[in-house]
Amino acid sequence: MTELSPQLLLIVSVAGLFVGTLIGSIGIGGILMVPMLVYLAGIDIHVAIASCMFSYAFNGLAGAWLYARKGSINWRDGLWLCLGAMPGAVIGALLILQLNPRWAVMVIALFIVFAAISAQRRPPTETDSASQPTGSARLLGAGLATGIGSALSGSGGPLVLIPVLSWLRWPMLAAIGQGQLIQIPISVLAT
């Protein structure tokens, strides 16, 4: 493993704090950590992904607790999402280990493009999604896709889940809350 100089360790720590703040506030930010560790710190991409996945457990616990205190997490829907995400995280982690580092970088680049395109969509309003129930099968599927995509990209879960829930017409605050929650099983199982 690459040994970090004190200066580089400080830079990576400050960047990690920034990324953690992004994840907690808007749900998306973890996708920035892997390229930073790979290109700035010289860490192998597979190690960088595993390291990031480990860190998201703590981010998810803190974020889920804070969003739950404000009533922004629907626990029944969260359970279905997490049940789908758990096997997805294992599948994604096994798949990324099989990829050549060059292909792994391409997968991460595709997820960054996915996030950019998703950000261009108009977010649903509270009234748009109030009458849009989401069934358990859809939530399991969304969780499965989120688990696979997150473990493949080294993102914690919100990067994939928030756009999916937005497409399902969920209010943004509820989607971000579920993104905080889903990080926990994904990070634990993918790590």
Side-chain angles (χ1 to χ4, degrees), residues 15-34 52-90 92 111-112 114-191:
L17 180 63
F18 173 71
V19 167
T21 301
L22 285 176
I23 293 170
S25 61
I26 63 171
I28 298 175
I31 194 70
L32 302 173
M33 264 328 267
V34 173
C52 288
M53 294 310 291
F54 175 74
S55 73
Y56 300 141
F58 304 103
N59 216 351
L61 285 168
W65 179 71
L66 290 169
Y67 277 81
R69 283 184 53 208
K70 297 293 184 182
S72 298
I73 294 179
N74 177 317
W75 293 102
R76 185 186 69 73
D77 290 347
L79 174 64
W80 287 111
L81 287 166
C82 288
L83 286 174
M86 290 189 290
V90 173
F111 276 94
I112 291 171
F114 168 74
I117 291 169
S118 298
Q120 300 305 309
R121 286 198 59 198
R122 180 188 69 83
T125 63
E126 294 293 328
T127 56
D128 283 344
S129 55
S131 62
Q132 297 289 334
T134 306
S136 56
R138 271 187 164 173
L139 292 171
L140 280 171
L144 181 67
T146 300
I148 293 170
S150 298
L152 275 173
S153 66
S155 65
L159 174 77
V160 179
L161 184 63
I162 291 172
V164 169
L165 293 180
S166 178
W167 290 331
L168 293 173
R169 314 293 300 158
W170 277 49
M172 194 52 62
L173 190 58
I176 294 171
Q178 295 297 4
Q180 300 301 316
L181 180 63
I182 205 166
Q183 288 181 90
I184 301 165
I186 289 173
S187 64
V188 168
L189 290 168
T191 298

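Computed from a predicted model, the values in this text were never measured in an experiment.
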Calculate, to the nearest 0.5 Å, the distance between atoms OG and CG belonging to S72 and L173 respectively.
3.5 Å
Taking every heavy atom of I182 against every heavy atom of G143, the minimum-distance pair comes out as CD1-CA, 4.2 Å
Nearest heavy-atom contact between M53 and A190 is CE-CB, 3.6 Å
Under the side chain to side chain contact (heavy atoms under 4.5 Å, CB included) test, residues paired with L83 that sit two or more places apart:
L79, W80, M86, L140
After noting the C-alpha distance and the side-chain angles of V34 and S153, does the key distance pass the side chain to side chain contact (heavy atoms under 4.5 Å, CB included) rule?
CA-CA 8 Å; V34 173; S153 66; over 6 Å; no
Return the CG to CG distance between L66 and L61, rounded to the nearest 0.5 Å.
11.0 Å
Distance check, rounded to the nearest 0.5 Å: L165 atom CG versus I162 atom CD1?
8.0 Å
Partner residues of S187 under the side-chain hydrogen bond (donor to acceptor under 3.5 Å, both in side chains) criterion, sequence neighbours left out:
none
Shortest non-hydrogen contact from P158 toward P163:
O-CD, 3.7 Å
The criterion is ring pair (Phe, Tyr, Trp, His ring centres under 6.0 Å); which residues satisfy it with F58, sequence neighbours excluded?
F54
Interatomic distance, CG@L181 vs CG@L81, rounded to 0.5 Å, equals 8.0 Å
On a heavy-atom basis, which atom in A57 and which in I184 lie closest, and how many Å separate them?
O-CG1, 4.3 Å
Roughly how far, to the nearest 0.5 Å, is the OH atom of Y67 from the CD atom of Q178?
12.0 Å
Residues 52-66 vs side chain to side chain donor-acceptor pair (under 3.5 Å), sequence neighbours excluded, gives none
Kindly write out the residues that satisfy side chain to side chain contact (heavy atoms under 4.5 Å, CB included) with A68, not counting sequence neighbours, or none if the list is empty.
I73, W75
Using the side-chain hydrogen bond (donor to acceptor under 3.5 Å, both in side chains) criterion, which residues pair with T146? Sequence neighbours excluded.
none
A145 versus V160, closest heavy-atom pair with distance:
O-CG1, 4.0 Å
All heavy atoms of S150 vs all of G157, minimum pair found to be OG-CA, 3.0 Å
Value for CG (D77) from CZ (R138), rounded to nearest 0.5 Å, stands at 12.0 Å
